[in-house]
Novice: 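Here's a structure for you.
The chains referred to below are lettered A, B, ... by the order of the sequence lines, with proteins before strands, and numbering in each begins at 1.
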Amino acid sequence: MLNYFSHLDFDIELTFGFCHLSFINVFMPEMPKAYNPREVEDKIYKKWEESGAFNPDNLELAEDAEKFSIAMPPPNATGVLHLGHASMLAYEDLMIRYNRMKGKRTLWLPGTDHAAIATQTRVEKIIAKEGKTKYDLGREKFLERVKQYIEDSRHTIKNQTKKMGSSCDWSRERYTLDDGLSRAVREVFVKMYNDGLIYKGDRIVNWCPRCESTLADDEVEHKDQKANLYYFKYQKDFPITIATTRPETKLGDTAVAVNPKDKRYKKYINRVYRVDLGNGEREIKIIADREVDMDFGTGALGVTPAHSMADWQMAQKNNLPIIKIIGEDGKMNDNAGKGYKGLTVLEAREKFTQYLEENKLIEKVEEVDQSLSICYRCDTPIEPLPSKQWFVAVDKKITIKGNKYFQNKSLKDVALEVVRNKEIKIIPERFEKTYFNWMENLHDWCISRQLWFGHRMPVWYKSESRIKNQESRMKITFIRHCQSEGNAKDTPDGRRDSALTKKGEEQAKEIAKIVQAEKYDAVFSSTLKRAKQTANIIFGEKKIIYDDRLVEIDFGDLTGSRTSELDKFREAGFPNGEKYTDVAKRVKDFLEETEGKYQGKHIAIVAHSGVWKVLEHIINNKPLDSNLLNSHADLGLIEYEKINSKFQIPNSKFSDEVYVGVESPKNEDWTQDSDTLDTWFSSGLWTFSTLLDQDHKKYKTFEEWVANSPDLKKFHPMSVMETGYDILFFWVARMILMTTYATGEVPFENVYLHGMVRDKHGRKMSKSLGNGIDPIEMIEKYGTDALRLSMIVGSSPGNDLRIYEEKIEGYRNFVNKLWNISRYIIPIYVKNIESEKGNSMSKNKELDIGYWILDINYENLTLADKWILGKLSGLIEEVTSDLDNCEFSQAGEKLRDFIWSDFADWYLEISKIEIKNNTETKNVKDIILAHCLKTLLKLLHPFTPFVTEEIWSKFKHTPNPSQEGRSLLMTEKWPKFLFKAKKEDIADFNLIKNSIIAIRNLRAENKIEPAKKIKAIFIGKKTDLFKKEAGVIKKLGRLEDLVIESKKMKVEKAISTIVDGVEIHLPLEGLLDFKKELERIEKEIKENEKKIIEAGRNLANKNFTERAPKEIVEEVKEKLKNSRDAIIKLEEKKKLLF
RNA sequence: GGCCGCUUAGCUCAAUUGGCUAGAGCAUUCGAUUCACAUUCGAAAGGUUAGUGGUUCGAUUCCACUAGCGGCCACCA
């Protein structure tokens, strides 16, 4: 785009060759007519980054500079930046920039979180589109995909964070899976384990069948829905009818609970009945529990200890047996009984209600409201299941040497204490109550997850011990493919994809006869044709899972050779092909993975001789020597039951012998727990794990590492934790728990909670509603500064904020206004002051131009100068205190009002007139204008960093020559400026201002065209003042002339009003509409009468005059007097009109 | 069921420990425009501060209740 000024200059020079004008251009900053953020922002961000000033180590700071630090809440490494992130970044950057300018040692540490469940779910969805599951890929390959996905999205998020203008220190960027952070996770885990705060427990957990993982209590969401409440008896002669919305779980009932006060059932308590629900006999005990609601259902509740939290607790209290009938796959298991095994929960429900109906056991079915528990990531209904998992004990009291918090205190005690005694302050305060409520009711925290992505648990099991467990083993039946075309010719196929021969097909049909397909829980096959065909013939209708890890060894160059040739290469491996160890690797990978899923189940594998050989090696410990390798698998079924000790069985927690450590044990007999840790475990360490010295290998112990990490000393605890109230529990609470424990310090001093971003009507932004706003699109359209302002102004902590395009547009206009103010001030300032006199003005670095103004004699300033400087001084004070108190919206609003209404609409306009009327004041005026602008740029910089920095660069900044050319607004000092205007001067200015407004009003009301120049008559006090300011009043009131009189005089044929006791008349010879003017005056009189009545009532009240503050009483008296005067004058005027 | 919040102009929001005529922006209406800015300037209209009662000289502000809306937590099967 061609620039306005350079374009002009080009014309002039060529046409006239006028050197003087071209000389001016040297000092004329190039500023296009409208601010164009798109051209400016990236350039400015680059400039900041290159300056190194995002990194506090590069700032020139006082030795004892106070620290100010924020850990950026790591956006999930998934997807893209949304408005929620944008608002978080706007707030944090605002605080950071403000404190940096105040001279603090300021660090904003950015990073990303691996967000285990969210990320894994997302990648699963992506590969599902390719028709695959994570099991198709296997743990390793799947994690590879996740890594790749994260790389991409992290890059996107980082760039978008930069787009928001975030001044964070990228040199300290962290990721929860970094080497150092991962070690911190293991260290803290081990420390907690050794302190007895982490334990393995067997209890009900929230299980998501889709994620195939546990969830923490607060990762479960609730959805209201209608459900059928079934009333029925276990069998006809059972005395009590129970009610339930989940009949299928009743197959696992071991008791019926009633309220001890319930007269209906009292007599049955403690009796035991034998019942049969069609799945075998069992005992049902009648127990009493106060928690049972007598008014719900029949007041009697079937107790299912294995599949309900509440029932589990009752079972513990009453020593009831626990029957697990639903498995980890969300399906009914063996215990559910014949006919139920393998059914989904819903299928089982249908079948069971049918059974009840057939046996006439159902009394009635009622529709009730129910809240269904669902997974917060994938909305799948949660199954409560008993399971052995790892927990953090939140109530266990411990004492830690050198930790001031943990002196016979539990994690919960400390987390409550630090907020209660205000070591951590939560803004807004009301969330403290929410926090206490949550923390007080916190149960032990389940931290193990059956996900693949995340920090692996630093737990190892002694392998032998798990083999003893028969139940958990997977049973394998291996079937070699039948005769292929290659086999028939004695040229084994290897990777050549040949089909079965006729004879082969016949062989397969024979095998099919002896195979009971329904015995198998899953059938796997190699992806080669001969195996696929074999599998299809044998297993017919059963689903077959193809896995390319099961293919034959690659013979490489020898593909198509005879067996006798091949045998020579089997031990050493085939040239350009595979070795058997390669095959062993992929088959092992396959086994490890399927074992996780098919514990205690029976699978079939249809594959090749090569696969059989490595199975013999892996499972039966046969060495990979010529004996084995030159032999071949027989046709038919080959069974494997015993599993080699190298194998872990990932989800089983049956081993008694456990090793917990930061590094894996040396002895190979140990296998690591395949579970991963809850994401929030690692995020809970975020404030300090990110500050630990990342060159961690030089520290032997955790304590040493913590004690010697310089950043930790400098920046921890973080000054502010700024985040959305939605993750107060997930994250904020966990950081408090974990950090006080691990470091003996609170993680942060203040918590600032922002609200959720909503649309104009308060609705959540969502794809389905189509009301989502893409921050990047808004930045493209209106600029980052406008977006930032629209999120900060008009929002308060803890309250949701509504955002819509018109709002952003409004702030775009404001940014442009600032731009144009600068476009007016800077060129003349740079030309007149900086280029000619600037250097001689102040050589002293310490003096900024603000102090220089103080040298100007107060009396030489005009009324407008005094007013604006006084107001500016007050503004600095207010904005500073607002920002210190986290009143960001207020500060922004004040800045906007001052800049637009006071500075641009009044002072700037007046300054033009005053310069015109008295050219000698020009330099002083330019300095004041520039001073105001520079100060405003500084004040506004934390809100709108880009435009202010860009405007700043247009100044030459000569008062501080040492910084010439490299001065960044970002690192300027926060303004301090004291200018006291005299009270009476402020009052005088306001009188002038109000008079001008009154004149404008009269003109507008009476439709006097602006072009029509009229005169005005001022009668009353302050004649000198009006005479002095006549020029300004005339220009701004669009008056032709001004008559100022101190004495009373008659003014007929004029429209009139009264401002602070001064009469203003606009004579309109021949044009005056008497009737209208009369009406107007009547109206004004009435308004004044109202005021008199109100003031009179107050003053007549003794209580008021005695008790109200003096100033207020004085004010009321003054008001009363003014109104009385006004009425007298208006009445006079009224008479004149007749 | 428990806890928390909200209700002010057509819309989005203000109003410092209770005290000036309850303020802004957007939208609306009227008027202007070569001079930094139409992403502009000047002006108008728009309010029983959800309702009722109380405390107080004085309530948008404090208290109680009512109505409506929203959120969080909780083991009603």
Novice: Could you give the CG-to-P distance, from Asn1001(A) to rG31(B), as a whole number of Å?
Specialist: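 In whole Å, rG31(B) P lies 16 Å from Asn1001(A) CG.
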Novice: For Arg896(A) and for Glu887(A), locate the closest nucleotide of RNA chain B by heavy-atom distance; then report the residue assigned to the nucleotide nearer the 5' terminus.
Specialist: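 Looking at RNA chain B, the more 5' nearest nucleotide goes with Glu887(A).
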Novice: Any side-chain N or O of Trp900(A) below 4.0 angstrom from OP1/OP2 of rG25(B)?
Specialist: no
Novice: Measure from the side chain of Lys433(A), starting at C-beta and using heavy atoms only, and say which of rU40(B), rC11(B), rC3(B) lies closest.
Specialist: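 Given the options rU40(B), rC11(B), rC3(B), the side chain of Lys433(A) is closest to rC3(B).
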Novice: Over all strands shown, is Arg812(A) touching base, sugar-phosphate only, or nothing at heavy-atom distances under 4.0 angstrom?
Specialist: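 Touches a base.
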Novice: Let's see if you can work this out: which of rC20(B), rG19(B), rA77(B) has an atom nearest to the side-chain heavy atoms of Phe1104(A)?
Specialist: rG19(B)
Novice: Pairing check on rA15(B): which nucleotide meets the Watson-Crick or G-U wobble criteria with it, both distances under 3.5 Å?
Specialist: none
Novice: Let's see if you can work this out: which of rA77(B), rC11(B), rC75(B) has an atom nearest to the side-chain heavy atoms of Val292(A)?
Specialist: rA77(B)
Novice: Between the side chains of Asp1060(A) and Asn1122(A), does any donor sit under 3.5 Å from an acceptor?
Specialist: no
Novice: Considering only NZ, NE, NH1 and NH2 on the basic side and carboxylate oxygens on the acidic side, decide whether Lys364(A) and Glu366(A) come within less than 4.0 Å.
Specialist: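 Answer for the salt bridge query: yes.
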Novice: Among rC37(B), rC4(B), rA77(B), which nucleotide has an atom closest to any side-chain atom of Gln370(A)?
Specialist: rA77(B)
Novice: Within the structure shown, what part of the strands sits under 4.0 Å from Glu291(A) by heavy-atom distance: base, sugar-phosphate, or nothing?
Specialist: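 Base: the residue Glu291(A), judged by heavy atoms under 4.0 Å, touches a nucleobase.
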Novice: May I ask you to verify if any side-chain N or O of Lys1119(A) is less than 4.0 angstrom from the OP1 or OP2 atom of rU21(B)?
Specialist: yes
Novice: Grab the CD1-C1' distance between Ile1112(A) and rU56(B) for me, whole Å please.
Specialist: 14 Å
Novice: Under a 3.5 Å cut-off for both contacts, is rG1(B) paired Watson-Crick or G-U wobble with anything, and if yes, with which nucleotide?
Specialist: rC73(B)
Novice: Go through the N and O atoms of the side chain of Lys817(A) and the base of rC37(B), and report whether any donor-acceptor pair is under 3.5 Å.
Specialist: yes
Novice: Between P on rG25(B) and CE on Met791(A), what's the gap in Å once rounded to a whole number?
Specialist: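 Whole-Å distance recorded here is 22 Å.
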Novice: Across the strands shown, which category fits Leu908(A) at heavy-atom distances under 4.0 angstrom: base, sugar-phosphate, nothing?
Specialist: base
Novice: Among rC75(B), rA77(B), rC26(B), find the nucleotide with the atom closest to the side chain of Ala310(A).
Specialist: rC75(B)
Novice: Looking only at side chains, do Tyr725(A) and Asp800(A) share a donor and an acceptor under 3.5 Å apart?
Specialist: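 A pair is found: one side chain offers a donor N or O, the other an acceptor, under 3.5 Å apart.
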Novice: Between rC41(B) and rG25(B), how far is it from one P atom to the other, in whole Å?
Specialist: 10 Å
Novice: Could you state the atom-to-atom distance from CG of Asp905(A) to C1' of rC37(B) in whole Å?
Specialist: 11 Å
Novice: So, Tyr376(A) and Glu219(A): side-chain donor and acceptor under 3.5 Å apart, yes or no?
Specialist: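 A pair is found: one side chain offers a donor N or O, the other an acceptor, under 3.5 Å apart.
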Novice: How would you label the contact of Glu909(A) with the nucleic acid (heavy atoms, under 4.0 Å): base, sugar-phosphate, or nothing?
Specialist: base
Novice: If I take atom NE2 in residue His222(A) and atom P in nucleotide rA74(B), what distance separates them, rounded to the nearest angstrom?
Specialist: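 It is 6 Å, rounded to the nearest whole Å.
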Novice: Would you mind classifying the nucleic acid contact of Ser796(A) as base, sugar-phosphate or nothing, using non-hydrogen atoms under 4.0 angstrom?
Specialist: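 Touches sugar-phosphate only.
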Novice: Work out how far the P atom of rC3(B) is from that of rA44(B), and round it to whole angstrom.
Specialist: 49 Å
Novice: So for atom NZ, which belongs to Lys1035(A), do other residues, nucleotides or ligands contribute more than 12 heavy atoms lying within a distance under 6.0 Å?
Specialist: no
Novice: Under a 3.5 Å cut-off for both contacts, is rC41(B) paired Watson-Crick or G-U wobble with anything, and if yes, with which nucleotide?
Specialist: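 Across any shown strand, rC41(B) pairs with rG31(B).
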Novice: Which one is paired to rA67(B), where only Watson-Crick or G-U wobble pairs with both distances under 3.5 angstrom count?
Specialist: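 In the structure as shown, rA67(B) has rU7(B) as its Watson-Crick or wobble partner.
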Novice: I want to confirm an ordering. Mapping Asn1098(A) and Ala1004(A) to their closest nucleotides on RNA chain B, which one lands closer to the 5' end?
Specialist: Ala1004(A)
Novice: Distance check, C1' atoms only: rU56(B) and rU17(B), in whole angstrom units.
Specialist: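 One C1' to the other, the span is 15 Å.
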Novice: Consider the side chain of Asn799(A), meaning its heavy atoms from C-beta on, and name the nucleotide among rA43(B), rU39(B), rG5(B) that approaches it most closely.
Specialist: rG5(B)
Novice: Going by purine N1 to pyrimidine N3 plus the second Watson-Crick contact, or the G-U wobble pair, all under 3.5 Å, which nucleotide sits opposite rG47(B)?
Specialist: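 Across all strands, not a single nucleotide pairs with rG47(B).
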Novice: Establish, with yes or no, whether the OP1 or OP2 oxygen of rA36(B) is under 4.0 angstrom from a side-chain nitrogen or oxygen of Lys912(A).
Specialist: yes
Novice: Can you tell me whether the side chain of Arg802(A) and the base of rU12(B) have a donor-acceptor pair closer than 3.5 Å?
Specialist: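 By the distance-only test, no, there is no pair.
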Novice: Write down the distance separating the P atoms in rG68(B) and rU21(B), rounded off to the nearest Å.
Specialist: 36 Å
Novice: Starting from P on rG5(B), measure out to CD1 on Ile427(A) and report it in whole angstrom.
Specialist: 17 Å
Novice: Could you give the distance separating rC62(B) and rC6(B) at their P atoms, to the nearest angstrom?
Specialist: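 Looking at atom P only, rC6(B) and rC62(B) are 9 Å apart.
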Novice: Using atom P of each nucleotide, how far apart are rC13(B) and rG71(B) to the nearest Å?
Specialist: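 Result for the P pair: 15 Å, nearest Å.
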Novice: Taking only the P atom of each, what is the distance from rG23(B) to rU48(B) in whole angstrom?
Specialist: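 It comes out at 15 Å once rounded to the nearest Å.
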Novice: Using a 4.0 Å heavy-atom cut-off across all strands, classify Tyr782(A) as base, sugar-phosphate, or nothing.
Specialist: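 Contact class for Tyr782(A): none.
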Novice: So, is the end of the Lys934(A) side chain (NZ or CZ) under 6.0 Å from the ring centre of Phe955(A) and within 45° of the ring's axis?
Specialist: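 Satisfied, under 6.0 Å and within 45°.
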Novice: Are Glu805(A) and Tyr782(A) linked by a side-chain donor-acceptor pair shorter than 3.5 Å?
Specialist: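 Checked: Glu805(A)/Tyr782(A) side chains pair up, N/O donor to acceptor below 3.5 Å.
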Novice: Base of rA24(B), side chain of Lys894(A) - is there a donor-acceptor contact under 3.5 Å?
Specialist: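 No.
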Novice: Checking contacts here: which listed nucleotide (rU39(B), rG19(B), rC4(B)) is nearest the side-chain heavy atoms of Ala1108(A)?
Specialist: rG19(B)
Novice: May I ask you to establish whether Lys912(A) and Tyr824(A) are in a cation-pi arrangement, using a distance under 6.0 Å from NZ or CZ to the six-membered ring centre and at most 45° from the ring axis?
Specialist: yes
Novice: Does the side chain of Arg430(A) get closer than 4.0 angstrom to OP1 or OP2 of rG5(B) through an N or O atom?
Specialist: no
Novice: In whole Å, measure the gap between the P atoms of rA59(B) and rG51(B) for me.
Specialist: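 Going atom to atom, P in each nucleotide, I get 15 Å.
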Novice: Output the single nucleotide from rA36(B), rU12(B), rA24(B) whose closest atom is nearest the side chain of Asn820(A).
Specialist: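 Of rA36(B), rU12(B), rA24(B), rA36(B) is nearest to the side chain of Asn820(A).
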Novice: Once you apply the 3.5 Å cut-off to both distances, tell me the Watson-Crick or G-U wobble partner of rU55(B), or none.
Specialist: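 Base partner found: none.
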Novice: Will you find, in the side chains of Thr304(A) and Asp253(A), an N or O donor that is under 3.5 Å from an N or O acceptor?
Specialist: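 Result is yes, a qualifying pair exists.
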Novice: Given the structure, check if the side chain of Glu893(A) and the base of rA15(B) hold any donor-acceptor pair shorter than 3.5 Å.
Specialist: no
Novice: What is the distance from CD1 of Ile1014(A) to C1' of rG42(B), rounded to the nearest Å?
Specialist: 14 Å
Novice: Rounded to the Å, how far apart are Glu432(A) CD and rG5(B) C1'?
Specialist: 16 Å
